[in-house]
Each structure stands twice: as structure tokens, then as C-alpha cells.
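Encoded as C-alpha cells, the structure appears first; notes follow it.
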Amino acid sequence: MSASLRVWFTVHHDGRRSGLLLRGWSHFFEQPPPSAYGDTEDEVLALLQRELVRRLADGDQLERYLWTEPFHVRQVKVPVHPLSTIRKRPVVGHSVIPLHVYYAYTTIATEDPGQNKKGPRAYRVMVPRMGVWAILEDLDDAADVLRTMLSQALLGEAPRWVYDFRSEGEEYVREWSPPVLVQRPRASQEEAEPAPEELGRVSDDLCSLLTRNKLPVVVGDPPELAELRGLPARTPLPSLLLVGPAGVGKTALVRRLTRLVVEEARSKKRPVPPRLWSTSVDRILAGMVYLGQWQERCLRIVEELSGRGEWLHVERLLPLLAAQHDGTSIADLLDGPLAAREIALVTECTEEELERESRRHASFVGRFTLVHVREPSPEATIALLVPYVARTDKLILGPRALERLVRHAEELRRDQALPGKAFRFVDWLAQSTSERRTLHPRDVSAAFAAHTGVPVELIADEHAASAATLAELLRARVIGQDEPCAAAARVLARFKAGMSDPERPLGVLLFSGPTGVGKTELAKQIARVAFGDANRLLRFDMSEFALRGSAQRLLEAGEGATSLVESVRRQPLSVVLFDEIEKAHPEVLDVLLAAFGEGRLTDSAGALVDFRSVIAVMTSNLGVRDHAPVGFGEGASGDSLRAVRAHFRPELWNRIDRVLSFRALSPADVRRIVDLMLVEIESRPGLVRRGITLATSEAAKDRLAELGYDPSRGARPLARVLDEKVVAALAAELAADPTLRDVRVRVVAEQESVETPPSRWLVRV
């Protein structure tokens with residue numbers, strides 16, 4: 001029977017699995033057996049195979065992991081007395097924690113030396129999760145022996161540590177014969193030196209990826225490459241801080257540095273291959289849940305790097321400096337070895353982050369040699385795009401098409417730098433193309449419109465979009481506010497012409513006027529006209545930010561956060577609505593001052609968020625509720641505008657592009673809004689799916705307009721009235737008879753006479 005491996009699987013409470021190789025013996029101070037953690041058995045086995053390949057390359061022959069005997073699994077209950085304290089003294093506690101422990105066993109056939117015959121059987125019993133094993137004459141003794149061994153091993157241990165060995169879920173053994181056992185590679189002379197264990201676990205060897213043609217090829221030679229030449233030959237290696245905006249090519253420069261490392265090693269004919277390790281703080285901290293674990297990992301990484309003449313690339317500087325739960329940071333542990341030149345790091349940050357962290361962590365930042373990565377010019381970016389596009393084998397773009405592409409990237413993705421944002425658009429374009437295409441400038445604009453959501457009429461030179469045309473688009477849905485629509489259209493026309501200030505948001509608007517007159521609706525329509533979808537509106541109710549300290553909620557960063565900075569980071573091309581801005585705490589206005597003035601905000605994690613591609617809209621009722629409601633058709637009073645201006649500090653007021661005054665609605669305005677809302681109701685899926693349409697009389701529309709207007713709330717109650725009078729009646733009929741379809745429903749006023757006899761499809765309002 002051929003030998004194979006045995007994997008001990010544990011199903012955890014979250015449904016994921018861990019796998020551990022069983023071994024017959026081990027040496028003192030030897031590393032733990034190979035293990036892995038994944039969603040499925042196949043994922044665990046794939047990770048184990050990678051570890052086996054690494055260990056075979058390090059010279060481990062794996063014989064002690066091979067078995068011919070089958071394994072079986074049983075469970076035993078082990079009572080444990082954990083640690084307790086009396087008068088601050090640790091003692092063995094009286095309470096008992098019962099542990100249900102799985103163990104594996106297999107039969108061992110012994111031989112009689114004199115007779116050369118198989119003797120009586122023995123049994124190997126193992127508890128893989130605890131590394132405990134024994135050989136027994138009688139399997140019936142296994143439970144008692146394991147109770148004794150495990151009780152002694154866990155006697156007086158901390159309860160938290162004891163609970164780590166509670167039963168997680170099903171545990172079982174699987175036989176496994178990976179291809180690596182059959183194809184055992186012989187370690188070459190270059191691979192004779194074992195790879196560092198901890199570095200191999202949390203980082204990638206970029207030099208190895210490069211020599212195996214698995215590292216993405218970088219197009220062009222950036223000017224900063226000249227600063228890196230000769231650095232791999234230095235002893236000790238200098239630590240490098242690559243400084244530049246997102247997308248400028250900092251990571252690409254690390255790949256260039258990798259090539260220099262390999263070329264330097266080949267020129268000196270080094271017998272051991274060079275290494276440049278690349279990782280992130282998330283990978284370093286992954287799985288480190290207990291106090292002191294991540295610190296131990298960092299110290300092992302330092303020990304493995306010390307004296308090897310190898311760089312460790314950590315993706316970003318800020319997470320290195322971020323304090324963990326115990327108040328210390330990874331930078332605190334690396335600072336000493338960096339100062340002593342025992343290790344060398346390569347990391348990245350932006351200019352703004354460098355300026356800020358140089359004040360906060362001057363000594364740590366001072367350990368690095370700064371390499372400023374400059375954004376290439378549009379002309380240089382076009383030169384880089386020529387070979388990059390040719391590499392896709394799907395796209396053909398002439399000089400004018402490339403020029404159009406770079407121009408759109410500059411104007412529409414201000415949150416990123418060239419050439420990265422242009423490369424990413426080419427990648428998206430190649431993935432969305434199934435056959436080879438030749439793109440002209442017009443095609444590039446259409447593709448960019450599809451990619452970003454911005455209507456092609458606003459970005460393509462072939463389409464005209466005057467301020468008057470844009471105003472008509474806004475007035476189609478915003479009733480009775482012609483002047484605000486015209487003013488907002490002029491802001492959009494400035495965006496269309498490419499005349500927006502590149503260092504500020506596309507527009508900062510303040511809507512002032514009574515409640516229920518269309519301020520929020522105009523913000524929605526600006527989002528629809530500018531960015532192709534009314535859902536591109538990010539709305540923040542400033543009444544929720546009225547207390548001291550609430551400004552920090554706008555800056556919260558991290559997975560799952562719904563703050564201002566996270567919303568804009570996810571959707572930089574959007575309209576951000578700050579509703580009832582006068583209710584915000586002054587600290588909130590200070591935050592907005594930075595966003596409106598500099599076009600950027602720093603989140604709670606220290607990262608910059610770009611606001612230069614948003615249109616900011618603030619609404620206010622200041623000066624309106626201090627006097628009687630404005631009558632039908634009257635404009636905003638001078639007192640209202642003076643109240644708005646008096647509320648804001650001059651610094652913030654001067655950053656507002658336009659103040660748009662909204663007037664109260666007239667009866668004719670409310671009547672037109674009724675028409676729009678009835679069209680919206682008729683387009684709802686439940687009616688469209690059944691082919692049901694509405695025929696609303698003029699008298700019914702007048703009645704709905706009368707019921708839906710409130711002098712103090714404008715047209716705000718209108719949606720509720722239509723829902724109660726029309727939608728609710730339709731819903732009741734549809735729910736009562738789901739087979740009804742292709743019906744025209746008549747909506748009439750309560751006292752209106754109807755020529756045809758009444759039916760259930762007659763709705764009175």
C-alpha cells in the first residue's frame with residue numbers, strides 16, 4: 001500500500017475549515033506541522049500544497065508525514081480545573097470546565113524480532129489540535145489515558161486559554177496524495193537557502209514572481225528610476241519612502257526596483273536568488289487576535305530580515321503608523337531596527353500625508369530616503385498609453401483618441417493621478433470588448449460616459465449643451481423655480497466647458513427658501529443631468545450633526561462606514577446634499593470649509609479623500625420662519641438672504657459659488673407638480689407589469705393640488721395625499737384581484753359627475 005498524507009480537518013463555527021498534517025514524530029524545537037485555513041476543503045488543500053512545496057524546497061523530505069495505515073476518530077470528555085485567583089494569588093480553581101476533545105487513532109502492527117512475524121497490535125492515539133500522542137496496548141484505555149494527559153496538561157491554565165480547545169464542530173481525517181509527493185523537486189543550488197518562514201507566510205517574493213514572468217510588466221521608464229539605480233548594490237540598503245498621489249505609479253516603481261535587484265544579482269552572479277518582499281499591514285495583522293501575537297510576528301519578521309540585504313515593501317505608510325488596540329503601532333517595533341540599519345523598508349504615501357506625518361512622527365519618517373514620484377504630463381501619458389493599449393490586442397486608438405482619453409481622465413477622475421487612471425480605463429475598456437475595435441475620439445467619449453455615468457452630452461465635443469439647454473432639462477422636473485434652475489445650469493455649463501477650478505469642487509451651491517418648494521428636487525435633477533442618475537445624490541441631514549463632536553462622524557473611515565468621506569470615496573462623481581445646513585454645529589462647518597476650499601478632506605484614518613469631482617449643495621430655511629409664510633408667487637425676501645449670510649463665517653461664505661433663492665409655489669406650480677407625480681405613479685412596476693394606465697380628470701388634478709398644498713410646508717404634503725387618495729385605492733384593487741390587467745383607471749373628483757356607470761376602477765379623490 002503506497003504511503004500518503006493524513007489531514008486533520010476541523011469545521012469551525014463560521015463554516016470554514018482548518019487543516020493540519022498529522023506526523024509520526026518531530027524533533028525538539030521543530031516548527032509546527034503544515035496547517036491552513038480556508039472556506040472549503042479544496043482551498044485548504046491548495047494552501048497546504050503551497051506550504052509543502054516550500055518545505056520541500058527548504059530540504060524537508062516529509063517522510064514523517066507519510067502513512068499507510070487508516071485513521072479513525074473518536075471523542076473523549078476531559079474535565080479541567082482552570083486557573084483561579086484568591087487574594088490576587090493564582091491557584092488551581094475548584095470549578096471544572098468539561099472539554100469534549102476529538103482524537104484520532106490507528107493500528108500499529110508490531111513485529112517479533114525472533115520469529116520475524118507480526119506481533120500483537122498496538123494503537124497510536126493522537127490529539128492533533130494539542131500535539132498530544134501516545135501508543136497504547138489496548139484501545140479501550142484511550143479515554144482514561146487521554147483524560148489524564150490532557151487534564152495534567154491544562155491543569156491551572158487560564159480559562160480563556162482552556163476554552164481555545166473547546167469543540168468547534170466536526171473533526172475528521174482525510175487521506176491525501178498531492179502531486180507534490182510524486183514530483184518531488186530537487187532543490188537547486190540557487191534554492192539551497194531556505195526562505196524565511198514568517199516572511200513567506202505574510203508577503204510575496206517579487207523577485208521570484210519576476211523571474212517566473214508572473215509580475216506585471218511596467219511600460220516606460222519613469223524619471224525617478226534614475227534615483228533608484230545603484231541602490232541594490234549598497235550595503236546596508238537604504239529605506240525608501242515613495243511620495244506621490246494615488247495612481248501616479250508608486251507601485252509600478254517598486255516593480256522597477258525589483259528588476260534592478262534581479263539585474264544586480266545576476267551581474268554579480270550571486271548563488272542565492274535575491275528577494276524583495278511585498279506585504280501590507282492587513283496581511284501582517286491577519287489572524288493576530290490575541291494580545292501580543294502581532295508584536296511577536298513583527299519581531300520574527302525583523303529577525304528574518306536582519307542582515308539579509310533584502311527590502312520589505314509595505315504598501316502604505318499610514319497603516320504602519322496607526323495605533324493598534326494596545327496603543328502601539330507596527331512602526332514602533334520597526335523604528336529601532338530601521339535606525340540601526342538592520343532592516344530596509346520601502347513604503348508609499350502622498351505629499352499631504354508626508355507633510356502631516358513628518359510633524360507627528362518625525363523620527364520614523366526621517367529614517368527614509370524620500371523619492372518623489374511626479375505625475376507625468378498629458379503628452380508623456382499618451383506616450384505611455386501607446387504600448388499599454390497595444391498590449392491588450394483588442395483596442396486600436398489613434399493619437400486623437402488617446403488625447404481625448406487623457407483629457408476625460410483629467411477632468412472626470414480628479415481623485416486619481418495620471419497615468420494610473422488612464423491605464424485603469426483602458427483595462428475596463430478591454431474587458432468590456434469581445435473583439436478587436438478601432439476607437440475614434442467620439443467612441444472614447446461614449447465609452448467614458450458609460451464608464452463614469454456622466455452623460456455623453458456633457459463631455460463630448462461633438463455634442464452641444466448650452467446653459468439654456470441644461471436649464472430646460474432641470475425645469476422639466478423642478479416646477480416654479482426658473483431662476484435657480486438657470487443658475488444651476490450655468491454651473492453645469494462651466495463643467496461642460498472644462499472651466500471649473502481644478503483645485504475645488506465642481507460647484508458649491510446654497511439653496512435658500514421656504515420648505516417644500518423644490519430645493520431637494522433640484523439637487524436630485526442636478527445629479528441626473530450631471531452624472532446620469534438621480535441616485536448619485538448623497539444626502540446628509542445636518543440636524544443629525546448639531547452636537548459638539550458630531551463632525552467626526554463625517555470623517556469615519558473603514559469597512560461598513562457610511563460617513564461623508566466614505567460615501568465620496570466610493571462615488572467621487574456625485575452631488576452631495578447638506579440639508580438644513582443652519583442646524584449643523586460650527587465644527588461641521590469647519591470640516592466643510594476644508595472640503596469647499598481645498599477640495600480634499602482627511603478621514604479618521606489619516607487618508608485623503610478627494611472632493612474635486614463633486615457638486616456640493618447646501619439647503620437653508622434661514623430667515624423664512626422668522627416671519628409669516630411667503631404668499632403664493634412671492635420671491636425670497638432680502639431679509640432671508642441677509643439672515644443666511646449672517647449665519648456663515650466669511651471664510652465659508654466666500655467659498656460658495658452661487659446662492660440660489662427659491663420662491664414660494666403658486667397654485668399653477670402645484671398643479672403642474674400633480675401632473676408630474678401622476679406620471680411617476682403610472683410608471684411604477686406594479687402598474688406597468690399589468691398594463692394599467694390612469695385617466696385623471698382636470699377636476700381631480702385640481703382637487704389633489706388643493707389637498708396637497710400647505711402654506712407652511714409648500715408642496716411637501718402632496719406625495720402623502722396622492723398616496724392616500726390614488727395609490728392606496730389602486731393597491732387595494734390589485735391585491736384583491738391579481739388577474740386584472742390591461743385596464744384604464746379613471747381618477748375623478750369626489751363630486752364630479754361621471755357619464756358611465758361607476759365601477760371599481762373608478763377612483764374618486
Side-chain angles (χ1 to χ4, degrees), residues 3-26 30-52 62 64-80 82 96-108 122-136 138-155 157-178 181 286-287 289-290 293:
S4 58
L5 303 175
R6 301 292 185 271
V7 184
W8 177 268
F9 278 99
T10 301
V11 181
H12 298 279
H13 64 280
D14 58 358
R16 303 186 73 189
R17 287 168 165 77
S18 60
L20 177 75
L21 286 189
L22 302 183
R23 62 186 177 191
W25 72 90
S26 61
E30 187 183 15
Q31 61 181 331
S35 61
Y37 184 64
D39 291 325
T40 63
E41 279 191 10
D42 292 340
E43 182 180 348
V44 171
L45 294 178
L47 294 172
L48 285 174
Q49 172 140 322
R50 288 176 54 185
E51 177 65 10
L52 289 177
L62 304 181
R64 60 193 182 285
Y65 295 96
L66 298 176
W67 304 87
T68 57
E69 305 87 356
F71 274 81
H72 309 279
V73 177
R74 288 184 180 178
Q75 194 178 52
V76 62
K77 181 178 179 181
V78 179
V80 177
V96 176
I97 295 179
L99 300 184
H100 296 273
V101 180
Y102 283 93
Y103 67 93
Y105 69 93
T106 185
T107 303
I108 302 175
Y123 298 90
R124 180 188 295 272
V125 179
M126 311 172 69
V127 182
R129 287 181 63 190
M130 301 184 64
V132 173
W133 64 276
I135 296 179
L136 308 178
D138 192 338
L139 186 59
D140 292 337
D141 298 332
D144 293 334
V145 172
L146 290 177
R147 286 193 193 96
T148 302
M149 295 176 66
L150 298 178
S151 297
Q152 291 293 328
L154 298 176
L155 181 66
E157 291 292 346
R160 182 177 180 182
W161 193 84
V162 172
Y163 270 114
D164 284 347
F165 296 98
R166 67 190 184 278
S167 179
E168 284 271 351
E170 182 186 4
E171 298 185 50
Y172 57 96
V173 178
R174 174 177 168 180
E175 296 185 16
W176 183 41
S177 298
L181 291 182
V289 295
Y290 297 116
Q293 275 191 304

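Since this is a predicted model, take the numbers as computed values, not measurements.
- The distance from the OH atom of Tyr65 to the CG atom of Leu22 is 10.0 Å, given to the nearest 0.5 Å.
- With contacts defined as side-chain heavy-atom distances shorter than 4.5 Å, the pair Gln75/Tyr103 does not qualify.
- The minimum heavy-atom distance between Val44 and Gly38, with the atom names listed, is CG2-N, 3.5 Å.
- Distance CG/Leu146 to NZ/Lys77: 15.5 Å, rounded to 0.5 Å.
- Between Asp144 and Arg147, the shortest heavy-atom contact is OD1-NH1, 3.0 Å.
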- Could you go step by step and tell me if Arg74 and Leu139 meet the side chain to side chain contact (heavy atoms under 4.5 Å, CB included) rule? CA-CA 11 Å; Arg74 288 184 180 178; Leu139 186 59; 3.8 Å; yes
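- Atom OG1 of residue Thr106 and atom CE of residue Met126 lie 9.5 Å apart, to the nearest 0.5 angstrom.
- For Gln49 (side chain) and Leu45 (main-chain N/O), no donor-acceptor pair under 3.5 Å exists by modelled atom type.
- Scanning both residues, Ala122 and Ile135, for their nearest heavy atoms gives CB-CG2, 4.1 Å.
- Residues Pro178 and Leu5 have side chains in contact (heavy-atom distance under 4.5 Å, counting atoms from C-beta outward).
- Although no hydrogens or angles enter the test, the distance criterion places no donor-acceptor pair under 3.5 Å between the side chain of Ser35 and the main chain of Gly19.
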- Should Val173 and Val73 be marked as a side chain to side chain contact (heavy atoms under 4.5 Å, CB included) after you check the CA-CA gap, both sets of side-chain angles, and the distance that decides it? CA-CA 7 Å; Val173 178; Val73 177; 3.9 Å; yes
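- Taking the centre and axis of the six-membered ring of Trp176, the NZ or CZ atom of Arg6 falls outside the cone set by 45° and 6.0 Å.
- Residues Leu21 and Leu52 form a side-chain contact, since some pair of their non-hydrogen atoms from C-beta on lies under 4.5 Å apart.
- Of the inter-residue distances, the one linking Thr68 atom OG1 with Glu175 atom CD reads 9.5 Å to the nearest 0.5 angstrom.
- Of all non-hydrogen atoms in Gly24 and Arg124, the two that sit nearest each other are O-NH1, 3.3 Å.
- With values rounded to the nearest 0.5 angstrom, Asp141 atom CG is found 11.0 Å from Tyr123 atom OH.
- Rounded to the nearest 0.5 angstrom, Tyr102 OH and Tyr172 OH are separated by 12.0 Å.
- Nearest approach of Arg17 to Phe9, heavy atoms of both residues: CB-CD2, 4.4 Å.
- Tyr37 and Leu47 get closest at one heavy-atom pair: O-CD1, 3.5 Å.
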